[in-house]
Protein chains: 2
Amino acid sequence: MLKHILLGFLNYRPMTGYELKSIMDESTMHFWHAYHSQIYTTLRKLEDEGLVTSEMELGDDKLNRRTYTITEAGRADLREWLNTPLHEVVPVKEDLLVRMFFSGERDKQAVIDELRVQRLLHQRTLAEYRNLTEETMLEIIPEDKERAVQHLPFWESTLRFGIQYEELYLQWIDETIRILEEQG
Amino acid sequence: MLKHILLGFLNYRPMTGYELKSIMDESTMHFWHAYHSQIYTTLRKLEDEGLVTSEMELGDDKLNRRTYTITEAGRADLREWLNTPLHEVVPVKEDLLVRMFFSGERDKQAVIDELRVQRLLHQRTLAEYRNLTEETMLEIIPEDKERAVQHLPFWESTLRFGIQYEELYLQWIDETIRILEEQG
DNA sequence: TGGGACATGTAAACCGTTACATGATTGA
DNA sequence: TCAATCATGTAACGGTTTACATGTCCCA
């Protein structure tokens with residue numbers, strides 16, 4: 001999956017690994033994240049496969065920045081991936097629910113405390129998502145406004161999902177705490 | 001994670017790998033799934049660590065059923081894991097959203113078609129979740145009704161999450177299709 | 001001058017998926 | 001007798017996470 005995410009971004013414009021990591025931390029964190037280690041190794045793999053090329057910046061400073069550019073083969077690979085629709089539901093994995101499922105013999109107050117911590121964290125996450133404006137998104141392609149505008153509804157739809165998901169999460173936590181306290 | 005799920009179920013009663021797989025397919029599929037291959041290898045690993053013991057059923061038939069039983073060390077490990085609260089949000093990974101994010105240059109009708117296929121699949125998933133009754137859950141511990149009843153609110157809370165998640169998913173798909181169709 | 005952001009990498013371990021592989025039991 | 005279900009396993013691969021490792025630039 002990361003492979004296609006990187007190709008997707010490089011299809012907008014050439015970027016460095018560091019830039020890809022920063023942009024993902026802002027724009028895809030609500031549905032996919034990756035550590036820098038994986039991004040750098042995956043970029044090298046893409047280069048081996050001829051889907052991207054890279055070159056070291058020859059600037060006046062000694063900061064080593066390697067800029068990756070998508071190749072025609074890379075664009076073809078991305079297009080082919082996009083033209084192959086998902087035909088299954090990718091199963092959810094939710095650590096907190098695993099813990100809840102097996103919490104029947106735990107101290108009830110400890111469970112409620114854990115839910116409250118999660119509530120705070122998810123509230124923070126939701127605030128971060130709500131903070132993402134159109135401008136944040138447009139920075140992905142700063143020099144091609146028209147193209148960015150074309151992509152905007154798609155970017156926004158994923159963000160809408162992220163926000164609604166976090167809202168659901170908070171509601172679920174509240175309702176669960178209420179139920180646990182009531183039977184208390 | 002699977003390790004603690006298996007210990008969690010074996011804490012209810014001894015089970016075979018096959019049983020664990022079937023029960024997970026019914027009771028945890030909305031927040032965690034595993035292939036039988038991983039279940040069997042993880043059970044062996046748990047045995048190596050002394051957290052479970054196993055023995056082949058010595059029945060009159062030649063069907064090889066290996067029944068796993070949790071040890072005191074296993075219970076301690078499970079307890080310790082449950083008493084270590086999650087203090088971070090585990091990031092979501094949603095394949096369909098990755099595809100949506102990069103769909104700005106795709107044929108719009110193809111995107112809508114893909115969403116409609118997902119709609120059908122998620123509708124089916126939701127129907128399966130709604131089909132899970134209290135009785136389905138109580139079969140996890142058929143011989144210890146009182147204990148099962150104690151666990152029920154926790155099992156139900158995870159199912160409530162699963163149902164609400166699928167409802168959200170359907171709403172999101174509908175809204176997204178509507179937006180895509182409106183901008184023509 | 002110290003801390004934070006910028007910047008890139010490697011290695012090992014771990015986890016999860018896919019494919020391969022086999023055989024018994026039960027009911028239609 | 002055939003298909004579905006019961007039942008268990010191994011192997012290879014690939015993706016992800018964690019830890020280790022290094023060095024620059026810029027601002028307060």
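The figures here come from the full heavy-atom set of this structure, side chains too, leaving out hydrogens, waters and symmetry mates. Throughout, protein chains are lettered first and strands after them, A, B, ... in sequence-line order, and every chain is numbered starting at 1.
- For B/Y40, a side-chain nitrogen or oxygen approaches OP1 or OP2 of D/dT8 to under 4.0 Å.
- Rounded to an integer number of Å, the gap from OH of B/Y35 to C1' of D/dG14 is 13 Å.
- Rounded to whole Å, the distance from CG on B/D95 to P on D/dG15 is 12 Å.
- When the side-chain nitrogen and oxygen atoms of A/R65 are compared with OP1 and OP2 of D/dT24, none of them lie within a distance under 4.0 Å.
- Nucleic acid contact for B/K45: none, since no nucleic acid atom lies under 4.0 Å from a heavy atom of the residue.
- Atom-to-atom, CG of B/N64 to P of C/dG23 comes out at 11 Å; the value is rounded to the nearest Å.
- Straight-line distance from the CD atom of B/Q38 to the P atom of D/dT8: 16 Å, rounded to whole Å.
- The interatomic distance linking A/I39 (CD1) with C/dG9 (P) rounds to 12 Å, in whole Å.
- Of the two residues contacting DNA chain D, namely B/K93 and B/T16, the nearest-nucleotide position lying further toward the 5' end is that of B/T16.
- If you run side chain to side chain contact (heavy atoms under 4.5 Å, CB included) between B/S157 and each of A/L180, A/T176, A/I173, A/L115, only A/T176 comes through.
- Minimum atom distance to the side chain of A/Y18 is reached by C/dC6, of the listed D/dT16, C/dG16, C/dC6.
- Under 4.0 Å is where a charged nitrogen must lie from a carboxylate oxygen, and between B/R79 and B/E72 at least one such pair does.
- As rounded to whole Å, 14 Å separates atom P of D/dT5 from atom NZ of B/K21.
- At a threshold of 4.5 Å between non-hydrogen side-chain atoms, the residues A/K45 and A/L51 do not count as touching.
- If you take CG of A/L6 and C1' of D/dG15, they are 13 Å apart, rounded to a whole angstrom.
- The side chain of A/R44 contributes no N or O atom lying less than 4.0 Å from OP1 or OP2 of C/dT8.
- Two rings, from B/F101 and A/F31, have their centers less than 6.0 Å apart.
- Taking the six-membered ring for Trp and the full ring otherwise, the centers of A/F102 and B/F154 sit at least 6.0 Å from each other.
- With rounding to whole Å, B/H36 atom NE2 is found 13 Å from C/dA19 atom P.
- The residue B/S37 sits close to a base: some heavy atom pair falls under 4.0 Å.
- Between B/A34 and A/T67, the residue anchored closer to the 5' end of DNA chain C is A/T67, taking for each the nucleotide with the nearest heavy atom.
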